[in-house]
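The next block holds one structure in the form of structure tokens; read it before the comments.
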Protein chains: 2
Amino acid sequence: MSLATDAADKPTLYKRIRADIEKRILTGEWPPGYRIPFEHELVARYGCSRMTVNKALSELAQADLIERRRRAGSFVRRPQHQSAVLKIADMRAEITALGRTYGYELIGRKLRATTAADRERLGVKKAGKVVAITCRHSADNVPFAVEDRLIDLSSVPDAASADFSREPPGSWLLHHVPWTEAEHTISAIVADDRTAEALDIAVGAPCLVIERYTWRSARTITAVRLLYPGDSHRLVARFKGG
Amino acid sequence: MSLATDAADKPTLYKRIRADIEKRILTGEWPPGYRIPFEHELVARYGCSRMTVNKALSELAQADLIERRRRAGSFVRRPQHQSAVLKIADMRAEITALGRTYGYELIGRKLRATTAADRERLGVKKAGKVVAITCRHSADNVPFAVEDRLIDLSSVPDAASADFSREPPGSWLLHHVPWTEAEHTISAIVADDRTAEALDIAVGAPCLVIERYTWRSARTITAVRLLYPGDSHRLVARFKGG
DNA sequence: TTGACTTATATGTCTAGACATATAATCGTA
DNA sequence: TACGATTATATGTCTAGACATATAAGTCAA
């Protein structure tokens, strides 16, 4: 039998404190600029030690919900519209999540010495070798996106002998490269002849372009350009999702 | 005089521990799946208490760099390309950051009862009133983006009497609404006659579209649609930026 | 009024313990 | 061999202290 008020002893104390404060901020009860109770006040309110409330507040500060200032206290921060978590899912995951059948097709693969354009695109200076891959992802046999990728072989030598006819280079890399950082650039273009044909859309139709440049501790790994039919595809980014 | 190895006693111990581990992960020295030393081993290595290494590891877990499993240990996670922090800056900040002069111009403002299309766009069911705003942001007097916005007056009644002829609705809202969540959708279109004229580009030129839907604890606040010339504007998202 | 100095205080970090809990590994039994 | 019970252990949370440090606020002199 549980107590009358339903003890709900599931979450730990520091998480409850964090959730309590987060709720007051998100509902507007504690607006931006509001000084939330001092640690010693929360200690008294929750009847716990300072380290416990400190952990709750530290996590809120890490999430940019509050700002902590020595001697002054902790303050609710202004919402920051400008920052959003953009999910760029793995192509297969993205398509299967839509309940559609994922399809992959290798269009071209070439191993070559870097051209000046390749070096420009990869952001490297020295000459070297790359694998250039063109492939297409489809959903229910309808073109979903075309991919145009360069892999720097000086960083990922194994890619020279990898078989990309069945496995998309993106997932291959995900399993063969230990850790990476990436930069994304998003823009819009209209389809030229080749793009239109590859995506099975009209010439002049809008396309969304995502360019991703990936590296690991200052070493370039890959540069990829993804072209989506612009009117069908949508990227959804949710801010401050709990 | 500092010691030979350069003591560098600036950062606190837990931050040093966190940075040490992060570095090994990022350089690939500890690849995905690698079991990082147990807490008690790190305690021995750094000569500190368990709470200190626990704080370092907890933050790495929060940042999704490692995964912690009871009784098993802590493991380096696989890199997660699919998540990137997309910065959608405030328009003025974005333009001034480029070293250009920001300009704002109100094109139209209308207070009206919601149409079915408005309700669809705002995701509300009940009838009500909205302010519909169209405006233009420019950089060095060149059109930079056009904005088309609805504000739900049942959530933000003050917006009815706000003066949007000088202040963009985005910054007005930022100062009048306590805290919000948002969802962004990005797509591409080609400019129709009106868009082409507003952005001073050719009909049929590509445009990048960002739609943002904002709410506060389940209450709709605003829906905004931003149109950028697609070949000039770029959104940059950086993943796992230190 | 202004600037320099002092003080009070809230947060930042850390310790040396404690018990809770999930679970990998082992052991025992059918 | 397969499965259920037991045990060992790494992490999860928490405490009651401690000292460090940045800084808001007050004090005092020029």
Side-chain angles (χ1 to χ4, degrees), chain A residues 2-3 6-25 30 32-78 242, chain B residues 2 7-25 30 32-78 242:
Chain A
S2 66
L3 294 171
D6 184 17
D9 41 19
K10 217 38 162 309
T12 56
L13 181 53
Y14 95 85
K15 280 181 181 160
R16 245 192 59 217
I17 299 173
R18 172 159 61 73
D20 280 2
I21 296 171
E22 191 170 321
K23 192 178 165 191
R24 286 186 214 249
I25 293 174
W30 289 351
Y34 181 88
R35 207 212 75 225
I36 73 176
F38 294 132
E39 291 190 352
H40 69 261
E41 295 175 297
L42 293 169
V43 162
R45 179 179 306 180
Y46 289 96
C48 62
S49 85
R50 211 191 119 212
M51 278 303 287
T52 302
V53 310
N54 183 283
K55 181 159 188 173
L57 294 179
S58 294
E59 289 194 5
L60 289 169
Q62 252 191 292
D64 270 341
L65 243 75
I66 65 170
E67 187 189 344
R68 312 199 72 199
R69 290 206 298 271
R70 274 181 158 147
R71 163 75 210 236
S74 302
F75 301 83
V76 177
R77 283 183 59 120
R78 194 166 291 293
Chain B
S2 66
D9 42 20
K10 216 39 163 307
T12 58
L13 181 52
Y14 96 85
K15 281 181 181 161
R16 243 193 61 216
I17 299 174
R18 171 158 62 73
D20 280 3
I21 296 171
E22 191 170 321
K23 192 177 163 192
R24 286 186 213 250
I25 294 174
W30 290 351
Y34 181 88
R35 207 212 75 227
I36 74 176
F38 294 131
E39 291 190 351
H40 68 262
E41 295 175 299
L42 293 169
V43 162
R45 178 178 307 180
Y46 289 97
C48 63
S49 85
R50 211 191 117 211
M51 279 303 286
T52 302
V53 310
N54 183 282
K55 181 160 187 173
L57 293 179
S58 295
E59 289 194 5
L60 289 170
Q62 255 191 289
D64 269 341
L65 242 74
I66 66 171
E67 187 190 345
R68 311 198 75 198
R69 289 205 300 272
R70 274 181 155 141
R71 163 75 210 238
S74 302
F75 301 83
V76 176
R77 282 183 60 123
R78 197 164 287 295

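Both backbone and side-chain heavy atoms feed into the values below; hydrogens, waters and symmetry mates do not.
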Please list, chain by chain and in numerical order, all residues satisfying side-chain contact (heavy atoms from CB on, under 4.5 Å) with A:Ala61, sequence neighbours excluded.
A:Ile66, A:Arg68

Take A:Ile17 and A:Cys48, measure what side chain to side chain contact (heavy atoms under 4.5 Å, CB included) needs, and give me the verdict at the end.
CA-CA 11 Å; A:Ile17 299 173; A:Cys48 62; 4.2 Å; yes

Estimated bend of the helix from C:dT1-D:dA30 to C:dA30-D:dT1 (axis per five terminal pairs, rounded to 10 degrees):
20°

Value in whole Å for how far the P atom of D:dT13 lies from NZ of B:Lys55:
14 Å

Below the 4.0 Å mark, does D:dT11 have OP1 or OP2 next to a side-chain nitrogen or oxygen of B:Ser74?
yes

Which heavy atom in B:Arg78 sits nearest to a heavy atom in B:Pro32, and how many Å separate them?
CA-CB, 3.9 Å

Here the distance between atom C1' of D:dT13 and atom OH of A:Tyr14, to the nearest Å, is 8 Å

Measuring from B:Leu65:CG to B:Ser74:OG, what's the distance to the nearest 0.5 Å?
12.0 Å

In this structure, which one of A:Arg50, A:Arg70, A:Lys55 forms a salt bridge (charged side-chain N to carboxylate O under 4.0 Å, His left out) with A:Glu39?
A:Arg50

Roughly, in whole Å, what's the span from CG in B:Asn54 to P in D:dT13?
8 Å

Phosphate oxygens OP1/OP2 of C:dT15: is one of them under 4.0 Å from a side-chain N or O of B:Thr52?
yes

Contact check, residues 37-49 of chain B vs DNA chain D, heavy-atom distance under 4.0 Å, returns B:Phe38, B:Glu39, B:His40

Within the pair A:Lys15 and D:dG12, is there a side-chain N or O less than 4.0 Å away from OP1 or OP2?
no

Between B:Ile36 and B:Met51, which has a closest nucleotide on DNA chain D that is more 5'?
B:Ile36

Derivation and outcome, side chain to side chain contact (heavy atoms under 4.5 Å, CB included), residues B:Leu42 and B:Leu57
CA-CA 10 Å; B:Leu42 293 169; B:Leu57 293 179; 4.1 Å; yes

Once you round it to whole Å, what is the distance between P of C:dT11 and CG of A:Leu60?
13 Å

Run the side-chain contact (heavy atoms from CB on, under 4.5 Å) test against B:Arg35 and tell me which residues pass, sequence neighbours left out.
B:Phe38, B:Glu41, B:Phe75

Rounded to whole angstroms, how far apart are CD on B:Glu59 and P on C:dG12?
11 Å

Find the distance A:Arg68:CZ to C:dT9:P and express it as a whole number of Å.
18 Å

Quick one: what's the B/S/- string for nucleotides 18-23 of chain C, heavy-atom cutoff under 4.0 Å, read 5' to 3'?
B--BBB

Value in whole Å for how far the C1' atom of C:dA10 lies from CZ of A:Arg35
10 Å

For the pair A:Tyr46 and A:Leu13, evaluate side chain to side chain contact (heavy atoms under 4.5 Å, CB included) and give the outcome as yes or no after the intermediate values.
CA-CA 9 Å; A:Tyr46 289 96; A:Leu13 181 53; 4.3 Å; yes

If you look at every strand shown and take non-hydrogen atoms under 4.0 Å, does B:Leu57 touch a base, only sugar-phosphate, or nothing?
nothing

With sequence neighbours left out, the residues meeting ring pair (Phe, Tyr, Trp, His ring centres under 6.0 Å) with B:Tyr14 are none

For B:Ser58, answer base if it contacts any base atom (sugar-phosphate contacts may also be present), sugar-phosphate if it contacts only those atoms, and nothing otherwise; contact means non-hydrogen atoms under 4.0 Å.
nothing

